[in-house]
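Beneath this line is the structure, given in structure tokens, with notes to follow.
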Amino acid sequence: MAEPRQLAGLADNEFVEAELLVLEKSLQTTKAGAAYLALALGDAGGRISGRVWDRAEELDALFDSGDIVRVKGRINSYRGQKQIVVNGLEPLPKEDLDLSLFMPAAQRPEAEMTAQLDSLVESLGEPLRTLCRNIFDDPELGPLFRKAPAAKSVHHDYLGGLLEHTLSVAELTLLLAGKYSYLHRDLLLTGALLHDVGKALELTLNPGPDYTNAGRLVGHVVLGVNVLRDHLPSGFPRTLADEITHLVLSHHGVLEFGSPKTPQTLEALALNFCDDIDAKLTSTRALLDETEGEWSGYNRLFERFFYKGSPDRPAPAKPADPQPAKTKPKKTAPEAGEKADTPGLFGEG
């Protein structure tokens, strides 16, 4: 089997011969009425679009989504994004293949991310620690959470994406809690860890990200609230449970983005900002990573083009070591015969 390749790093007009997983497949027609195959292909190094212009209907009958195919073709760019123009395609038997080796996945190993998740949970005080332990140690839910994507598309849409996104949001909330002491650190961190837990039941890899029946019928926000209620420790304070439920219900921020409630606590407001920052920066970074040239294609989600940045940007400067604050000498009463300092405008010396 060929080694996984960083698909986004392939150069324009580069010849490609690789074994790839078919994440999506659809037979479409051009404006002139000619049939072609639109594909989403991937391996552990990423994902890329593919187009089959010749013998599309004949090849369409040979394979399905979830199959492994040996692809031959060349890279070109269309609207600022790379794709493979396929001129050869052969389905491969997948009985003895580990599909996870072909799936686009988080860059960090699952074990490393799980260790960080455990560390964050252990940093919580009770009863929040036990609540999170009940959820993440659940023998059915826990493995789903660690492998699920965070979205069908847009951001973190790969194996382990939900765990990766959750950890990023948690890290951002800790930064805010360190800056703004009036935020309740443990409550905010619990919200970060649990805000998308319902996506473990909403999304699956089949083989690409797709919705489960529960995901389509109920959605991850309500599923997350159900998970929370089902795993509350005995004697958990009702008002605290309501606050955590509010964090889950309001993390999308506004009603039109799927939040049943808008943020109504400081922690809910902070969580919404952190979730939004991580999702938008990650999706935009992925778009620019796939972009040839200086500008991306038009992004319909953000309704704009994105610029990759000037080649003349200087290297980032190393942050200077913080200098100790200078303390003002303590004033003493004037000696006899010594003239006192003239008071300032507001009475200070």
Side-chain angles (χ1 to χ4, degrees), residues 106 108 110-138 141-142 144-146 148 150-151 155-156 160-201 220-221 223-253 259-282:
R108 296 175 61 194
E110 180 185 322
E112 178 185 308
M113 292 193 291
T114 299
Q116 183 183 356
L117 177 68
D118 291 341
S119 177
L120 290 171
V121 170
E122 289 305 309
S123 76
L124 295 168
E126 292 292 359
L128 299 174
R129 182 193 306 139
T130 297
L131 169 62
C132 289
R133 280 270 67 93
N134 287 351
I135 291 173
F136 295 122
D137 289 347
D138 184 297
L141 182 66
L144 292 175
F145 179 85
R146 291 189 290 273
H155 76 95
H156 300 90
L162 176 57
L163 178 54
E164 185 179 68
H165 170 62
T166 297
L167 294 175
S168 294
V169 175
E171 290 168 351
L172 289 172
T173 60
L174 290 178
L175 288 175
L176 285 189
K179 171 67 176 176
Y180 302 105
S181 60
Y182 49 79
L183 291 172
H184 192 289
R185 183 261 189 198
D186 280 14
L187 183 61
L188 180 54
L189 177 57
T190 299
L193 296 176
L194 300 182
H195 77 285
D196 269 347
V197 72
K199 286 186 175 180
L201 303 174
H220 78 276
V221 174
L223 289 171
V225 171
N226 291 343
V227 167
L228 170 63
R229 297 293 182 176
D230 289 344
H231 291 81
L232 285 174
S234 177
F236 197 92
R238 181 175 178 179
T239 54
L240 182 58
D242 288 342
E243 279 202 78
I244 300 170
T245 301
H246 178 70
L247 289 168
V248 175
L249 289 174
S250 66
H251 74 268
H252 281 183
S259 270
K261 300 294 291 185
T262 53
Q264 293 174 305
T265 66
L266 286 168
E267 290 75 21
L269 194 64
L271 176 59
N272 167 236
F273 293 152
C274 292
D275 181 44
D276 199 45
I277 286 172
D278 186 60
K280 287 182 176 176
L281 286 180
T282 301

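Predicted model only: the values in this text are computed from it and were never measured.
- When all heavy atoms are compared, the tightest approach of Ala170 to Leu193 is CB-CD2, 4.1 Å.
- Asp196 has its side chain out of reach of Val169: every pair of non-hydrogen atoms, C-beta onward, lies at least 4.5 Å apart.
- If you take OG on Ser168 and CG on Leu163, they are separated by 9.5 Å, rounding to the nearest 0.5 Å.
- Closest non-hydrogen pair, Leu162 versus Ala200, comes out as CD2-N, 3.7 Å.
- From Asn226, atom CG reaches atom OG1 of Thr245 across 10.0 Å, with rounding to the nearest 0.5 Å.
- Between Leu174 and Leu120 the shortest side-chain heavy-atom distance falls below 4.5 Å.
- Of all non-hydrogen atoms in Pro263 and Asn272, the two that sit nearest each other are CG-CB, 4.2 Å.
- For the atom pair Asp118 CG and Arg133 CZ, the distance stands at 4.5 Å (nearest 0.5 Å).
- The side-chain heavy atoms of Leu141 and Val197, taken from C-beta on, include a pair separated by under 4.5 Å.
- If you take CG on Leu176 and SG on Cys274, they are separated by 4.0 Å, rounding to the nearest 0.5 Å.
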Which donor-acceptor pairs under 3.5 Å do the side chains of residues 230-240 make with protein atoms, sequence neighbours left out?
unit_1 : atom_1 : unit_2 : atom_2 : d
His231 : ND1    : Val227 : O      : 2.8
His231 : NE2    : Asp138 : OD2    : 2.8

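- When all heavy atoms of Ala106 and Met113 are compared, the closest pair comes out as CB-CE, 3.9 Å.
- Taking the side chain as every heavy atom from C-beta outward, Glu126 and Asp186 never approach each other to under 4.5 Å.
- The heavy-atom pair separating His195 from Val248 by the smallest distance is O-CG1, 4.1 Å.
- Counting heavy atoms from C-beta outward, Leu167 and Arg108 have side chains that approach closer than 4.5 Å.
- Side chain of Thr114 to backbone of Ala111: no donor-acceptor contact under 3.5 angstrom is found.
- You'll find the side chain of Thr166 reaches within 4.5 Å of the side chain of Phe145, heavy atoms only.
- Scanning all heavy atoms of the two residues, the minimum distance from Leu228 to Ala241 falls at CD2-O, 4.4 Å.
- Residues Leu247 and Leu194 fail the side-chain proximity criterion, which asks for heavy atoms closer than 4.5 Å.
- Glu267 places a side-chain N or O within donor-acceptor distance of the main-chain N or O of His184, the cut-off being under 3.5 Å.
- The backbone N or O of Gln264 lies less than 3.5 Å from a partner atom in the side chain of His246, making a donor-acceptor pair.
- Put simply, CZ on Arg129 and CG on Leu131 are 12.0 Å apart, with the number rounded to the nearest 0.5 Å.
- With a 4.5 Å cut-off on side-chain heavy atoms, Leu128 and Ile244 count as touching.
- Distance alone, capped at 3.5 Å, is enough to place a donor-acceptor pair between the Lys199 side chain and the Ala150 backbone.
- Side-chain N or O atoms of Ser119 include none that pairs as donor or acceptor with a backbone N or O of Ala115 at under 3.5 Å.
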With side chain to side chain contact (heavy atoms under 4.5 Å, CB included) as the test, would you mind laying out the steps for Asp278 and Glu171 before giving the verdict? CA-CA 10 Å; Asp278 186 60; Glu171 290 168 351; over 6 Å; no

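- In the model, His165 has a side-chain atom that pairs as donor or acceptor with a side-chain atom of Asp275 under 3.5 Å.
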